[in-house]
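Model, not experiment: these values are computed from the prediction. Both backbone and side-chain heavy atoms feed into the values below; hydrogens, waters and symmetry mates do not.
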Amino acid sequence: MVVLNLPWVVRLDVCINYKNGGWRMRECSVGSEYLIIASVSIAVLLLPGKAKAESCDLILLALSQENSLTRVKASEDALVTHYRYGLNTSLSVSCAFNKPSLEVSWDGLEPDQSFYELVGRVGGLVSSQSRTEVVKSSRLCREQALKDDSEIATIEREGLAIECQAFKRDGGGTTIMVFAE
């Protein structure tokens with residue numbers, strides 16, 4: 001198995017997801033947009049089809065023990081697995097690029113305490129930071145995103161990177177992405 005440590009590719013992929021998902025691109029000029037697509041394409045071509053972080057197996061095993069999570073589906077190559085948590089929360093685990101990452105989304109104005117508890121539990125699986133620090137950083141990221149016109153914010157700590165989008169328009173929503181930095 002070929003393992004490439006390309007943490008910068010994950011950052012660029014997030015930027016692309018914002019564009020494809022309808023979010024505004026942050027700090028991406030037209031020229032860098034093509035560089036992003038080319039870099040991600042090259043990285044995907046260099047990675048074997050089944051390449052995933054070994055630690056993802058442990059994360060997915062831990063999530064299978066969570067009684068409150070319902071596994072919805074997994075991609076054919078098993079690099080992305082989707083879960084539901086209650087009525088308003090979804091969770092996606094990405095095992096691409098040799099570093100697991102998580103995306104936890106809340107559909108509604110104000111995430112409840114159980115949303116942040118989930119972010120802390122699953123974020124603690126990816127990060128070397130404590131659950132408490134993951135929750136604290138997630139709340140801070142959301143607050144910053146709500147204040148920013150782009151609705152996007154980033155928090156970075158040693159062993160932890162959080163990117164989020166939060167808004168109150170159209171019924172509201174919050175997405176917290178947790179990366180092992």
Side-chain angles (χ1 to χ4, degrees), residues 1-14 16-18 21 40 43-44 47-108 110-142 145 153-166 173-181:
M1 178 168 101
V2 177
V3 177
L4 297 174
N5 186 5
L6 303 171
W8 52 270
V9 174
V10 173
R11 293 276 185 214
L12 299 176
D13 186 46
V14 169
I16 290 170
N17 284 337
Y18 289 141
V40 171
V44 169
L47 291 173
K50 290 284 185 177
K52 65 179 185 175
E54 289 180 13
S55 62
C56 273
D57 292 333
L58 297 175
I59 290 170
L60 294 172
L61 179 62
L63 293 177
S64 72
Q65 305 301 313
E66 283 270 343
N67 293 330
S68 54
L69 281 178
T70 303
R71 186 172 175 264
V72 176
K73 66 179 178 176
S75 63
E76 202 170 292
D77 57 9
L79 292 178
V80 180
T81 305
H82 302 276
Y83 298 88
R84 288 291 303 167
Y85 180 77
L87 297 174
N88 294 30
T89 306
S90 62
L91 165 68
S92 297
V93 181
S94 173
C95 295
F97 305 115
N98 196 36
K99 288 196 177 187
S101 62
L102 307 167
E103 179 178 299
V104 186
S105 298
W106 172 267
D107 186 23
E110 183 77 30
D112 63 15
Q113 182 61 28
S114 68
F115 171 82
Y116 287 108
E117 289 170 1
L118 177 66
V119 171
R121 282 194 313 273
V122 299
L125 297 171
V126 173
S127 170
S128 60
Q129 292 286 332
S130 70
R131 291 178 178 187
T132 304
E133 184 59 36
V134 173
V135 169
K136 179 180 162 188
S137 297
S138 297
R139 288 181 183 273
L140 178 61
C141 189
R142 182 179 184 276
T154 303
I155 302 288
E156 293 187 18
R157 308 265 190 268
E158 185 176 331
L160 173 67
I162 294 180
E163 294 189 13
C164 59
Q165 180 189 29
T174 300
T175 299
I176 307 283
M177 291 160 282
V178 182
F179 304 92
E181 189 171 51

Taking side chain as C-beta onward, heavy atoms only, is V104 less than 4.5 Å from V178? no
Quick one, F179 and E163 - any side-chain contact, counting heavy atoms below 4.5 Å? yes
Where is the tightest heavy-atom contact between [X] and [Y], given as atom of each residue plus distance?
X	Y	answer
T175	S105	OG1-OG, 3.2 Å
F115	P111	CD2-CB, 3.4 Å
S138	I162	OG-CD1, 3.5 Å
L102	V122	CD1-O, 3.0 Å

From [X] [atom1] over to [Y] [atom2], what is the distance, rounded to the nearest 0.5 angstrom?
X	Y	atom1	atom2	value
Y116	I176	OH	CD1	5.5 Å
E76	K73	CD	NZ	12.0 Å
K136	L160	NZ	CG	11.5 Å
S64	I59	OG	CD1	12.0 Å
L140	I155	CG	CD1	4.0 Å
C141	E156	SG	CD	10.0 Å

Once side chain to side chain donor-acceptor pair (under 3.5 Å) is applied, what residue pairs with a partner in residues 121-135 remain, sequence neighbours excluded? E66-R121, E133-S137, E133-R157
What pairs of donor and acceptor atoms, side-chain ones from residues 78-88 against any protein atom, are under 3.5 angstrom apart with sequence neighbours left out?
residue : atom : partner : partner atom : Å
H82     : ND1  : S92     : OG           : 2.8
R84     : NH2  : L87     : O            : 2.6
N88     : ND2  : D107    : O            : 3.0

Mind checking what makes side chain to side chain contact (heavy atoms under 4.5 Å, CB included) contact with Q65, not counting sequence neighbours? L61
For [X], give me all partners under side-chain hydrogen bond (donor to acceptor under 3.5 Å, both in side chains), at least two apart in sequence or on another chain.
X	result
T174	R142
S94	none
S114	D112

